[in-house]
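Report on the following structure.
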Amino acid sequence: MKSALTRRPGSGYKLADAMWGYFFVAPVVIGLAVFYAFPFLQNIYFSFCEVDRFNRSSFIGLDNYREMFGSAELYQSTGNTFLYVLLTVPLGIFLAMIVAALLNSKARGQSAFRTLYYLPAITMPAAIAMVWKWIYNGNYGVLNEFLKLFGISGRNWLNESATAMIAVAVVGIWSMVGYNMVILLAGMQGISPSYYEAAQIDGAGALACFFHITIPMLSPSIFFVLITSLISGFQVFDTIYMMIGKTSLAYESTQSLVMLFYRNAFDYGYKGYASAVSIYIFVIILLFTLIQFVAQKKWVHYE
Amino acid sequence: MNNGHRTSRVILYVVLCSGVLLTVFPFIWMVLTSFKLDGEAVQVPPTILPQHPSLQAYQQVFDVIPFRSVLLNSVISTVLIVLGQVLFCTMAAYGFARIKFPGRQLIFILVLSVLMVPGQIFLIPQYLIVQKLHLLDTMGGLVLPSLFSAFGTFLLRQFFLSIPAEMEEAAILDGANRWQIFTRVMVPLVQPGIVTLVIFTAKYGWNNFMWPLIITTTPSKMTLGPALSTLSGVHVNNYPAQMAGAVLAVIPMLILFIVFQKQFIEGVAHAGVKG
Amino acid sequence: MKRFQHVNAKLLTAALAGTLVMTSACSSSGQAATTTAGTTAAANSSDSSNAGTSAADTTAGNSNATTKLSFMIWDANQQPVMEAMAAAYTKENPDVSIDIQLTAYKGGEYWTKLEAGMAGGNAPDVFWMNTLHVENYVDADMLAPLDDAAKTAGLDLAADFPEALVSMYKINDQMYGIPKDFDTNAVWYNKELFDAKGVAYPEAGWTWDDMVDLAKQLNDPDNGVYGIAAPLDFQTCYYNTVFAAGGWILNDDKTQSGYNDPKTQEGIQIWIDLINEGLSPSLASLTDTSADAMFESGKLAMIWAGSYMTPEYLDNEVIKDKIDLVELPTYDGNEANVINGLGYSVYSGSKNLEAAEAFAAWMGGAEAMKIQGESGVVISARNDAQQYFAASQPSLNLKAYTDKAAIATALPVSKVASEMYDVEANSLKLAYGGEMSLADACAQAAEQSDALLAKMNK
């Protein structure tokens, strides 16, 4: 083994190394193939079928796709989802960066702050929805009470198309900051202090250090946070589903793509149609991810 | 200079503290609600502090849920999922980040694509696979699909990619094979990443809901998530009981996070020695 | 540094070994654990006459029973009484043991689990069924017809149960669910708010106009108190008045919706008028703060509510001693009430089909229905057991619910009911919110619903 890897350079060396590569990735790849890729392929097939609640399918060709692309609901939900991503992802990463940078600057009580900022990530979604609904409540909400202090009259935040999406996006940002912060902070802690020491000797200030050392060195972590935030933004479901009731006048203007998928698959039992919606969601996310993977070459610094 | 330094410190803490207030408010609300009586929880306008602090909600949780067995099942399944993911994802991440092999990019994108479809589509097919393996209603079936994670692989791949190549090359010159390089050189260097994965995976395994719900049928094998959901009725919610359940469920995660973040800093300190 | 690396290598190897060993150990010992847990629980509950005091205690029956039935339910509040009924059954039938599984209804969890089991061919033997799902399940051949088992158990479906309930589970002339319980609607009122204004409580025989008059006297928006609430709730609120006004929602052969009928619209418009006159909070306000929450906080004088809300209101420390109820007011001289109910169904693929059918039928018998009724949680479906619900709270006029089963109309359902309810809510909320006239909203609902029905009947 030892000699194959190091002592005999040439084609044999590469082959051995490639075998090592397959060895390392095999467990995850095989596991994902069995439990995820296979169901996914079946899902593609189902998108061309009528499938009932009990997984019984009959082939109907492109009917699901025809119906899907013919429904105004799809375009409305797509627009809503894009808006949500636009509102939450940039700000959610930006704020997480700030908090992580502040916590990385050896603030006293750093570990306490970190735990507190992580709390939203481990708070039960039902509790999160319940509290935010109270905050936004048009009659008794804290937010309206607060605005009243400044003589601004409140609104029914979750019941008006103009405000509901913003209200939901605030909760989305709120939930993702702590999560992203943990990843970014882990990345920051991995940056060797020697870089900063060298920069300080050169007379660089804190901001210069942040932009010229932290951001480039952290870019693999930022890239990870960006991709996963985009994916979870495009798949937003829980918070909207729990906060916006069916009788809200803002229901249509906040319904996300995954809500559309979920309603068809689980409320109505149209699993074939829902499969087509899930393929549509997949293609959108795949496109954005591929764009990011191409674009990363310009800004992500790998060692 | 010194004065300016102090001002910026003060600003730093003001910013951090106000952020914390915003962030922890729902959590505090959850705890306060768990001490309210059922009627008070839905009262308008809402009360902040419980008017008649009561442990009734906790009593209800223990009445409805066989808490000890549920807790034990959750701990076992979470530990298994964390161990499995840490091992498999670290390996795969290293392979994808550091070893060149034909099809690497493509396989990696395929791995990632698992994250791109709504997770609910996997539910029924996975159920049917686990049924074929005769693992319904077993711990094996409960943890098996969760041992493999695209998210974890991607996370650690990014950490491996940020490690300088010289570290590895030195080890190759010393005559170490890939496995030795992996375990002795690379894994210690990505420790912050592994700790992050442990924290996220533990949370995922702990809160896992739909999967344990459909594959366990014997009450004594149920885990915390599905058990807690039985506290909600059809027409009405018993909020205090649900929140009490959530508080009980969150405590182990909180302890884990506090313990591990100490580990996390020490790990970084150790890794720093290398430089 | 060196030592640290070493530890990590060990950790990883240990993780690998640990995962494999524990996974395999758990899956093999899992099998053993099932049987042990099952028998211990069974022994426990056959010992105690009052089964179900502890939640772990979910198996009823003899530990050496030859036939094991699984029975899935969704309401934790009813688990103790279901256990008591199962225990009574296994006492009479020592060769059977019954394993109760509780899965929550909220979020569709119950149905997802049931449907996954059916897709794989191993669902619970007996389970609760509701009218929203029964047609789809029958259509997919997932339910066993229960007519023969009912006859063997001595049930006379036509005579023993309200007609509306039986009709819900009778599909293609076969019975697919033994009626379990039902719910009807009534008006609850807060006596304290009535007393404060010196207004007399409503009495049976009152009319819609009486209700509006009372609401006007009780209304006090400055103090956040409303006389009545008009939430966008079909089953509890506007279907009742639609039927009283002579309107309809779905025709008998389920081919057309009735939203365009002026009488249907009349039954809905009177609710919108309550909002427009300021007697009820706005739709937006009721979406933020439910009518139930308002009533339970003493901010609402009267509320229309289904019988299933009874335990909730009576558990509430704030209002439980200040409330009573009265039957729905008549509209246009007519009384109407919407009835809906659950049934016990049997999985057609059950490995113990005969035993499962026998148990389901027994659950509709006088003995079982008496145990259920005396719990006071729900109204037992059997005519001779309905009295127990009212008797469980003698100080309250719960007869306002039970008395109406005979005159009630079944909740309109079809295979596309979930979608129709959504279509209806999406349109009507525009009328309730004042963004569209009711006639236009109904036209929109009718067009979309009729398209759904056409697709269903194709």
Side-chain angles (χ1 to χ4, degrees), chain B residues 37-40 42-45 52 63-66 69 76 79-80 83-84 86-88 90 123-124 127-128 131 135-144 147 180 182-185 187-188 191 209-210 213-215 217-221 226 229-237 270 273-274, chain C residues 1 4-6 8-9 12-13 15-16 18-19 22-24 26-27 30-31 33-34 37-38 41 54-56 58 70 74-77 79 99 101-107 109 112-113 115-117 119-120 122 124 224 289 292-294 296-297 299 306 308-309 312 315-320:
Chain B
L37 293 171
D38 193 8
E40 193 190 333
V42 293
Q43 206 165 315
V44 284
H52 311 280
D63 283 350
V64 174
I65 296 173
S69 75
I76 294 174
V79 167
L80 289 175
L83 287 178
V86 165
L87 174 69
F88 295 143
T90 317
L123 200 64
I124 307 276
Y127 177 89
L128 298 176
Q131 185 187 6
L135 290 175
L136 285 184
D137 208 22
T138 65
M139 184 58 80
L142 184 64
V143 301
L144 200 52
L147 297 179
Q180 289 163 335
F182 172 63
T183 53
R184 299 203 180 157
V185 181
V187 167
Q191 195 152 13
F209 176 65
M210 222 45 199
L213 177 88
I214 68 162
I215 85 138
T217 46
T218 317
S220 63
K221 293 195 185 151
S229 84
T230 57
L231 293 169
S232 73
V234 187
H235 297 283
V236 278
N237 277 321
H270 277 282
V273 177
K274 78 185 180 197
Chain C
M1 179 72 184
F4 193 67
Q5 288 169 357
H6 196 60
N8 268 290
L12 265 172
T13 327
L16 172 64
T19 318
M22 286 181 84
T23 316
S24 54
C26 288
S27 43
Q31 227 67 29
T34 326
S54 130
T58 44
S70 50
W74 65 64
D75 185 357
N77 289 329
Q79 188 171 352
D99 181 20
Q101 300 171 11
L102 174 68
T103 306
Y105 189 96
K106 274 243 162 77
E109 293 149 29
T112 306
K113 185 165 181 171
E115 286 156 19
N122 53 1
T289 312
D292 288 322
M294 292 192 69
E296 290 181 48
S297 312
K299 305 274 182 200
Y308 44 80
M309 289 307 292
E312 165 77 7
D315 270 351
N316 188 305
E317 303 293 327
V318 182
I319 55 160
K320 67 175 183 187

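As the structure is a prediction and not an experimental result, all values here were calculated from the model.
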Counting heavy-atom pairs closer than 4.5 Å to chain C, which one of B/Leu142, B/Leu213, B/Leu37, B/Ile215 comes out on top?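 Top option by heavy-atom pairs under 4.5 Å: B/Leu213.
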Pairwise distance [atom1]([X]) to [atom2]([Y]) - rounded to 0.5 angstrom:
{"X": "B/Tyr127", "Y": "C/Asn122", "atom1": "OH", "atom2": "CG", "value": "4.0 Å"}
{"X": "B/Ile214", "Y": "C/Thr103", "atom1": "CD1", "atom2": "OG1", "value": "11.0 Å"}
{"X": "B/Thr230", "Y": "C/Glu109", "atom1": "OG1", "atom2": "CD", "value": "9.0 Å"}

Return the option, out of C/Gly117, C/Ala119, C/Ala116, C/Ala104, with the maximum number of heavy-atom pairs under 4.5 Å with chain B.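 Looking at each of C/Gly117, C/Ala119, C/Ala116, C/Ala104 in turn, C/Ala116 comes out on top.
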Among C/Gly120, C/Gly306, C/Ala293, single out the residue with the greatest number of heavy-atom pairs under 4.5 Å to chain B.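 Highest number of pairs under 4.5 Å: C/Gly120.
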Let me know if B/Ile124 has heavy atoms under 4.5 Å from chain C in its side chain, its backbone, both or neither.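 For B/Ile124, side-chain heavy atoms alone lie under 4.5 Å from chain C.
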